[in-house]
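In what follows, chains are A, B, ... by sequence order, proteins preceding strands, each numbered from 1. Values in this document were obtained by computation on a predicted structure and should not be read as measured data.
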There are 2 protein chains.
Amino acid sequence: MNILEKISLDMAEFSKSEKKVAEVILANPQVAIHSSIAALAKMSNVSEPTVNRFCRRLDTKGYPDFKLHLAQSLANGTPYVNRHVDEFDGPSEYTNKIFESTMAALEVARQSVDIAMVNRVVDLLTQAKKISFFGLGASASVCHDAVNKFFRFNVPVVHFDDILMQRMSCMNSREGEVVIFISHTGRTKSLVDVANIARENDATVIGITTEGSPLSKACNYVLSLSVPEDTDLYMPMASRIAQLTLIDVLATGFTLRRGNKFRENLKRVKDTLRNSRFNRQENN
Amino acid sequence: MNILEKISLDMAEFSKSEKKVAEVILANPQVAIHSSIAALAKMSNVSEPTVNRFCRRLDTKGYPDFKLHLAQSLANGTPYVNRHVDEFDGPSEYTNKIFESTMAALEVARQSVDIAMVNRVVDLLTQAKKISFFGLGASASVCHDAVNKFFRFNVPVVHFDDILMQRMSCMNSREGEVVIFISHTGRTKSLVDVANIARENDATVIGITTEGSPLSKACNYVLSLSVPEDTDLYMPMASRIAQLTLIDVLATGFTLRRGNKFRENLKRVKDTLRNSRFNRQENN
DNA sequence: AAATATTTGTAATTTTACTACATTTGTAGT
DNA sequence: ACTACAAATGTAGTAAAATTACAAATATTT
């Protein structure tokens with residue numbers, strides 16, 4: 001396992017001084033691998049043995065061995081870890097932390113995606129007579145985006161923010177229609193209600209939500225995403241990005257299934273938009 | 001560059017003893033990274049300084065530095081790159097490619113962000129009497145999301161999909177109000193028109209768009225994002241994710257600027273949502 | 001074959017990491 | 001509030017590792 005992730009994961013188990021070391025390393029791992037134990041100890045304001053103990057706590061043989069692991073983590077292409085923003089961060093720190101946390105979350109999400117389920121859902125979507133996307137709050141904008149994508153496919157696709165419209169829409173659903181519900185927690189009551197209505201009316205109900213949630217139980221198929229949500233700032237951030245990316249995956253799967261001729265069609269849709277735009281100087 | 005490749009490439013330039021060292025390393029690099037210079041010298045039947053010289057010939061600082069490079073080569077990580085989906089990809093391939101391309105795009109975006117401008121925009125937002133978000137098509141859902149975030153801050157924030165409503169809203173804007181326009185290309189005519197109206201009415205106009213685009217010229221401030229857009233499938237994907245992440249950055253900067261007491265407030269907003277949810281079994 | 005250049009090794013030096021032990025800090029019980 | 005114990009951190013000494021300077025050996029050139 002990536003040792004950088006492990007450090008941020010084990011953060012709770014570290015002692016006060018060990019945390020100092022961890023923070024210095026996470027803040028700038030590139031510097032850490034090129035420092036001696038003495039230099040790192042000084043940077044962290046701790047003694048050398050503390051650094052050594054820190055390394056051993058991470059199941060390495062000692063400091064040199066730790067550096068080796070660290071170097072491998074950095075080479076791995078993912079120096080991205082869920083780094084929490086704190087109140088003393090300047091613009092440079094919080095900007096980088098948020099981008100990196102988002103990338104880290106995407107990596108975790110990628111590994112948690114059930115590929116077989118993606119394939120099945122793409123199957124269902126290509127055969128659907130109608131596709132609906134429902135979500136509330138932050139997930140509503142994900143639905144909005146999904147509609148924007150699937151609309152280009154010339155498929156009947158709908159979305160309502162309004163909970164009553166959602167209910168009515170599901171009430172009228174029938175076999176062969178697919179309804180996708182998006183919710184990170186999967187515990188929004190009214191959305192679960194709507195999902196149940198859709199299911200009672202024989203629609204194929206798909207959830208993009210957390211495994212085992214109330215919403216997931218109301219669905220025929222669940223595409224679960226595990227994302228380490230950053231709760232520090234009380235806002236959904238990474239979960240939403242992961243959902244959007246998953247929508248991109250579904251849309252891509254959809255176009256691939258439809259074949260080459262279909263992609264010509266997509267190009268036409270895009271060309272249509274061209275007239276609403278200023279031309280570029282460069283040809284493209 | 002991968003140092004293992006470099007070793008086999010430079011083989012011709014090595015002296016007799018250095019070749020011995022190179023062969024031992026190539027034969028079993030995993031062992032090499034866990035050996036001391038003395039052990040490796042013994043394995044290669046050469047003296048310690050010879051190993052040291054061998055390392056320097058490969059443009060490393062010395063033996064420990066060489067081991068670091070070697071470890072990174074062995075980590076064999078495929079850094080995230082923009083991998084294009086092709087028509088023969090199965091679900092596993094396209095899923096991973098899309099996640100990886102998205103991560104790669106975020107990395108590029110992160111490096112292209114103008115931190116000073118982020119700081120200035122956060123400044124403007126905290127002082128704004130009203131904040132508006134306008135975008136069309138795929139960018140509309142980004143606006144939707146931005147509103148969802150900033151609304152929690154108890155700031156007057158508005159968003160319209162409707163181009164006429166956007167015009168009217170900007171017509172009535174005044175000094176001290178901030179209008180943010182989101183568009184990847186920055187070449188959507190009607191949006192540029194609206195931006196000009198906003199500017200004529202003394203609003204502070206901010207663009208999240210490509211540098212040098214028509215839209216960027218209509219703005220007082222531009223937050224440019226360079227994203228390698230995947231044009232294969234004729235859909236905006238990565239650009240949108242980058243925009244959303246940038247919105248997250250702005251929202252985070254906003255909350256940090258407002259201080260601790262303000263974050264208590266955010267927690268209250270979140271707690272309010274709790275009543276609309278099914279409770280979790282675990283306490284949280 | 002002698003002279004020079006290049007490579008390689010030996011031994012001393014310096015740097016680095018580790019261990020044992022002492023001190024401090026924190027915690028629980030009287 | 002104090003004592004006793006446990007956990008944590010640091011100090012100083014020791015061991016190990018890497019590097020340097022220099023000497024010996026091996027090629028190379030004339």
Side-chain angles (χ1 to χ4, degrees), chain A residues 3 6-74, chain B residues 3 6-74:
Chain A
I3 201 150
K6 196 184 163 103
I7 292 173
S8 53
L9 215 82
D10 291 6
M11 192 61 94
E13 302 192 4
F14 294 145
S15 69
K16 216 187 303 172
S17 305
E18 284 169 344
K19 275 197 187 104
K20 287 193 218 167
V21 179
E23 268 154 27
V24 168
I25 291 168
L26 289 177
N28 211 333
Q30 291 290 351
V31 169
I33 56 169
H34 291 110
S35 306
S36 69
I37 194 168
L40 187 60
K42 206 168 185 181
M43 281 190 270
S44 316
N45 282 311
V46 299
S47 68
E48 299 183 24
T50 300
V51 176
N52 187 275
R53 283 187 280 258
F54 168 82
C55 297
R56 297 229 165 111
R57 194 172 291 269
L58 288 154
D59 300 319
T60 62
K61 249 192 101 190
Y63 184 68
D65 187 41
F66 169 77
K67 283 213 289 192
L68 245 49
H69 282 266
L70 192 57
Q72 295 199 326
S73 296
L74 292 177
Chain B
I3 201 148
K6 196 181 162 108
I7 292 173
S8 47
L9 215 81
D10 291 6
M11 193 61 94
E13 303 192 0
F14 294 145
S15 71
K16 214 189 301 174
S17 306
E18 284 169 343
K19 275 196 186 107
K20 287 194 222 165
V21 179
E23 270 155 24
V24 169
I25 290 169
L26 289 176
N28 210 334
Q30 289 291 352
V31 169
I33 57 168
H34 291 112
S35 307
S36 69
I37 194 168
L40 187 59
K42 206 166 185 183
M43 282 189 269
S44 315
N45 283 312
V46 299
S47 69
E48 299 183 23
T50 301
V51 176
N52 186 276
R53 283 187 282 261
F54 168 81
C55 296
R56 297 228 165 113
R57 196 172 290 271
L58 289 153
D59 300 319
T60 63
K61 249 194 104 191
Y63 183 68
D65 188 43
F66 168 78
K67 281 212 291 191
L68 244 49
H69 282 268
L70 193 57
Q72 297 197 326
S73 298
L74 293 178

Q: What pairs with B/Gln30 under side-chain contact (heavy atoms from CB on, under 4.5 Å), at least two apart in sequence or on another chain?
A: B/Asn28, B/Ile33, B/Leu74
Q: I'd like to check the ring-ring contact (aromatic ring centres under 6.0 Å, His included) partners of B/Tyr63; sequence neighbours left out, ordered by chain and number.
A: none
Q: Rounded to whole angstrom units, what separation is found between the CZ atom of A/Phe14 and the P atom of D/dA8?
A: 13 Å
Q: In this structure, how many angstroms lie between the P atom of D/dA7 and the CD atom of A/Glu18, rounded?
A: 14 Å
Q: Atom pairs under 3.5 Å, N or O on each side, protein against nucleotides 21-26 of chain D: can you list them with distances?
A:
none

Q: From CD1 of A/Ile37 over to C1' of D/dA18, roughly how many Å is that when rounded to an integer?
A: 16 Å
Q: Tell me which pairs pass ring-ring contact (aromatic ring centres under 6.0 Å, His included) where either residue lies in residues 23-42 of chain A, with sequence neighbours left out.
A: none
Q: Under the 3.5 angstrom rule, does the side chain of B/Lys67 hit a backbone N or O of B/Ser36 as a donor-acceptor pair?
A: no
Q: C/dA17, OP1 or OP2 - any side-chain N/O from A/Asn52 closer than 4.0 Å?
A: no
Q: From C-beta outward on A/Thr50, which listed nucleotide comes closest to its side chain: D/dT19, D/dG10, C/dG9?
A: D/dG10
Q: Base, sugar-phosphate, or nothing: which does A/Val46 touch, judged by heavy atoms less than 4.0 Å apart?
A: sugar-phosphate
Q: Where is the tightest heavy-atom contact between A/Ile25 and A/Ala32, given as atom of each residue plus distance?
A: CG1-CB, 4.2 Å
Q: Within this structure, what is the CG-to-C1' distance between A/Asn45 and D/dG10, rounded to whole angstrom?
A: 13 Å
Q: How close do A/Ala27 and A/Pro29 get, heavy atom to heavy atom, and via which atoms?
A: C-CD, 3.8 Å
Q: C/dA11 P sits how many Å from B/Glu48 CD, rounded?
A: 12 Å
Q: Separation of B/Phe54 atom CZ from C/dT7 atom P, in whole Å?
A: 15 Å
Q: Which one, D/dT9, D/dT19, C/dT10, comes nearest to the side chain of B/Ser47?
A: C/dT10
Q: Between B/Thr60 and B/Cys55, is there a donor-acceptor pair closer than 3.5 Å when you use the side chain of the first and the backbone of the second?
A: yes
Q: Less than 4.0 Å between a side-chain N and a carboxylate O, is that true for B/Glu13 and B/Arg57?
A: no
Q: Counting only heavy atoms and a strict 4.0 angstrom limit, can you tell me which residues of residues 59-67 of chain A come near DNA chain C?
A: A/Gly62, A/Tyr63, A/Pro64
Q: Looking at A/Ser15, does any N or O in its side chain come under 4.0 Å of the phosphate oxygens OP1/OP2 on D/dT9?
A: yes
Q: Just the rounded figure in Å: distance from P of C/dT10 to NZ of B/Lys42.
A: 13 Å
Q: A/Phe66: which residues meet the ring-ring contact (aromatic ring centres under 6.0 Å, His included) condition with it, sequence neighbours left out?
A: A/Phe54
Q: I want to check one thing: is the phosphate of D/dA18, taken as OP1 and OP2, less than 4.0 Å away from some side-chain N or O of B/Arg56?
A: no
